[in-house]
Amino acid sequence: MRRGVVIAAVAAGVAAAACGGDGGGRTGRADPGTDARTPGATIAVGTTEWVAVFETAADPNDLEAQQAELLERVEGAILVGPAGCHEGLASALNVDRGTYVIGVVGSSEAQMERAVQRAEREPIFRGELKLLCGA
């Protein structure tokens, strides 16, 4: 059921073409810590969150297998959306703002690191970034 929520959130974001036309989809997710958010929840634009990115792709469908794997391991603390939806992420990854990223998030560095450990993957980027797009 969660996989459907994540994929639906990505599709809705693409259809809405938020974030300056970059397809500002972002998934709802729960943080892996004790103050877990409800799956499907959104956070406000301008909020700062900790992000760890594992991979990028021009097409979000190319990240579907990674989504399924992360959903099983991380229990919803997953980010799938355009790099341009987090301030400075596209330039840090040296990709276009519309390039999709998949990773994990947390409201603190410790929560993000717990999600990284559960994912059992090494991020290509870690950092605290401001959210520029809403769901």
At what distance, to the nearest 0.5 angstrom, does CG of Asp62 lie from CD of Glu64?
10.0 Å
How close do Leu93 and Val53 get, heavy atom to heavy atom, and via which atoms?
CD1-CG1, 4.2 Å
Using side-chain heavy atoms (C-beta onward) and a distance below 4.5 Å, is Val101 in contact with Pro82?
no
Group every Ile, Leu, Val, Met, Phe, Trp and Tyr by side-chain heavy-atom contacts under 4.5 Å, then state whether Val105 and Phe125 land in the same group.
yes
How long is the span from the CD atom in Glu128 to the NE2 atom in His86, to the nearest 0.5 Å?
11.0 Å
Residues in salt bridge (Lys or Arg N to Asp or Glu O under 4.0 Å) with Glu55, at least two apart?
Arg121
Identify the heavy atoms of Ala115 and Ala77 that sit nearest to each other, and give their distance.
CB-CB, 4.3 Å
Which residues share a side chain to side chain donor-acceptor pair (under 3.5 Å) with Glu69, sequence neighbours left out:
Arg73
Report the distance from atom CH2 of Trp50 to atom CG of Leu79, rounding to the nearest 0.5 Å.
15.0 Å
With distance as the sole test, does Glu113 use its side chain to make a donor-acceptor pair with the main-chain N or O of Glu109 at under 3.5 Å?
no
Of all residues at least two apart in sequence or in a different chain, which pass the side chain to side chain contact (heavy atoms under 4.5 Å, CB included) check with Ala90?
Ala83, Val95, Arg97
Shortest non-hydrogen pair, Leu131 vs Cys85, comes out as CD1-O, 3.4 Å
If you look at every heavy atom in Phe54 and Ile124, which pair is closest and at what distance?
O-CG2, 3.9 Å
How close do Ala58 and Tyr100 get, heavy atom to heavy atom, and via which atoms?
O-CD1, 3.9 Å
By side chain to side chain contact (heavy atoms under 4.5 Å, CB included), Glu87 pairs with (sequence neighbours left out) Lys130, Leu132
Heavy atoms of Leu70 and Gly103 approach each other most closely as CD1-O, 4.2 Å
Asp59: partners by side chain to side chain donor-acceptor pair (under 3.5 Å), with sequence neighbours left out
Asn61
Pairing residues for Glu122 by the side chain to side chain donor-acceptor pair (under 3.5 Å) criterion, not counting sequence neighbours
Arg126
If I take atom CG from residue Leu63 and atom CD1 from residue Ile102, how far apart are they, to the nearest 0.5 angstrom?
5.0 Å
